[in-house]
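Since the structure comes first, as structure tokens, the remarks are kept for the end.
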Amino acid sequence: MSSVRFLCQHCHQPLQLSPRVETEGLPEASVPAPLQGDPGDSREDSAFSRTEADSDELQNSASSRTHPADGGASKDRANHFTLVGEIGCVQSLGSIQEAVGDIFDILSDHKVVDHPLCVECTDSLLGQLDTELALTEVDLQNYQRCLETAEERTRGDDRDALQRELRALELEEARLAQELDAVDRAHARAAADLEATRAETAELEQQERQHLRDCCELEWQGLELLDQLGSLENQLERARDQLHLLKETDVFRATFEIREEGAFGIINNFRLGCLPAVPVAWNEISAAWGQTALLLQALATKIGLEFQRYRLFPRGSRSYLKSLAGDDPDLPLFCTGGRNSSSDDRFDDAMVAFLDCMQQFAEEAGKGSQGLCLPYRIRADRGLLEDPGGSRERCSIRMRSNTQQQWTKALKFMLVNFKWSIAWASLRYSQ
């Protein structure tokens, strides 16, 4: 019953239980017996008395508590013994060792120092704890004095300074609050301005796009106008060329072409006259008289002449003259019948009246230093055209009591005079 079963947890020396604990089965509470079993040890007796006082509580809780198997194993193991009967009953050696181990585990649970401990380690541990307790009490007293000093300083002069600092901080807080309000208002204004600016920007962008479209359309219109301008300039240049050509063109010569072809005088490809060997249709002769009447009327209009005694009506192949003296019938410059018809007399009178109008034109155009001088003299009162040259030939413009050769030559002289008149008018009025 006196074999060694435990080691000191500090110095690792073997421990020996008290003989009374071994016989009665009650383990020491906190301090085990020394190795040599000193008979005068008072700590062993006090520990044994405390163990007896707590035996009832240990018996009530031993059945439900968990403990390690041998002091170093896990504490989660289930309990492997049960206290039965009185605590002082003689039990087996294993149960006594197990009970003692459980008591040491209870003492070591949630502690810094593990049990069991020997007497020397216990005394050393108690001394260390006493020293730490004294140092802790000294530190506590120092902390209390520092706390009292700090409180006294706070209650003294520093309190006024803190009050002043507090008021300054409150004023600073109020000022910062006002600045914050001002910043918030400025932020709100800036947000409103930003929104207005965005709206204005959107509107300006819309206007810019519209202006770009308008600009493109105007550029397109400008290109079209440039094309039209170029076309108009070309037309103007062409018109100028035509105008220059027309200015250089002799209107009378371009309109009335007079030439000689053998015994015939021809105006605009119409023969005026008739020969026995070369018969000419009356339609051609009437058309030639119509062109001749138009030429005389144009020349008179050009020099501003108004005929006396007769009025000329150019009507193509149906041209005629009208007497201004009374209600005489019209004098036709055309003939629809053959020779010796009843209309020949009026046709002869019409040709004589036409020669009278031609003489009026020659007299009016012959005035001045640059007057017209005709190659064949006109005697309208007799109905003759006279060559003032060496031959002194006279030709009547009447058909009755006249030969076709003389009548055709008289008409040729008349057309030659008109050819000279066209040259004179073109030269004078072109200048």
Side-chain angles (χ1 to χ4, degrees), residues 1-62 64-77 79-81 83 87 93-151:
M1 300 295 293
S2 62
S3 62
V4 178
R5 296 180 297 275
F6 298 99
L7 296 176
C8 177
Q9 297 298 314
H10 187 266
C11 64
H12 302 288
Q13 295 297 325
L15 299 178
Q16 185 176 5
L17 297 176
S18 173
R20 185 170 53 182
V21 174
E22 292 179 356
T23 56
E24 296 180 359
L26 295 174
E28 295 294 328
S30 62
V31 182
L35 292 172
Q36 301 298 327
D38 295 335
D41 194 352
S42 60
R43 292 178 181 273
E44 181 179 353
D45 296 337
S46 62
F48 180 77
S49 62
R50 286 194 300 271
T51 304
E52 289 179 344
D54 297 332
S55 61
D56 293 336
E57 183 180 356
L58 178 61
Q59 185 177 6
N60 293 329
S61 61
S64 61
R65 182 176 55 84
T66 60
H67 60 278
D70 51 359
S74 176
K75 297 177 183 180
D76 295 334
R77 283 182 54 190
N79 191 8
H80 294 285
F81 71 95
L83 297 178
I87 197 64
L93 178 59
S95 63
I96 293 173
Q97 290 179 353
E98 188 174 359
V100 174
D102 291 338
I103 292 173
F104 287 154
D105 289 339
I106 293 172
L107 293 175
S108 298
D109 193 15
H110 303 294
K111 301 295 183 181
V112 178
V113 181
D114 291 336
H115 289 275
L117 293 176
C118 63
V119 176
E120 288 80 3
C121 292
T122 301
D123 292 338
S124 176
L125 178 60
L126 291 175
Q128 292 178 4
L129 293 177
D130 291 338
T131 303
E132 291 179 1
L133 178 60
L135 293 175
T136 303
E137 289 179 353
V138 172
D139 291 339
L140 178 60
Q141 291 175 2
N142 292 331
Y143 289 150
Q144 287 179 353
R145 284 194 300 271
C146 291
L147 181 60
E148 291 175 357
T149 303
E151 290 178 355

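On a predicted model such as this, the values are computed, not experimentally measured, just so you know. Just the heavy atoms: all of them, side chains too, but no hydrogens, waters or symmetry mates, feed the values below.
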Does T131 use its side chain to pair, donor to acceptor, with the backbone of G127 at less than 3.5 Å?
yes

Quick one: list whatever passes side chain to side chain contact (heavy atoms under 4.5 Å, CB included) with D139, sequence neighbours left out.
N142, Y143

Heavy-atom closest pair, residues C8 and C118:
SG-N, 3.3 Å

Nearest 0.5 Å, please: how far is OG in S124 from CG in L129?
9.5 Å

Point-to-point distance, once rounded to the nearest 0.5 Å, from CG of L135 to CG of L140
12.5 Å

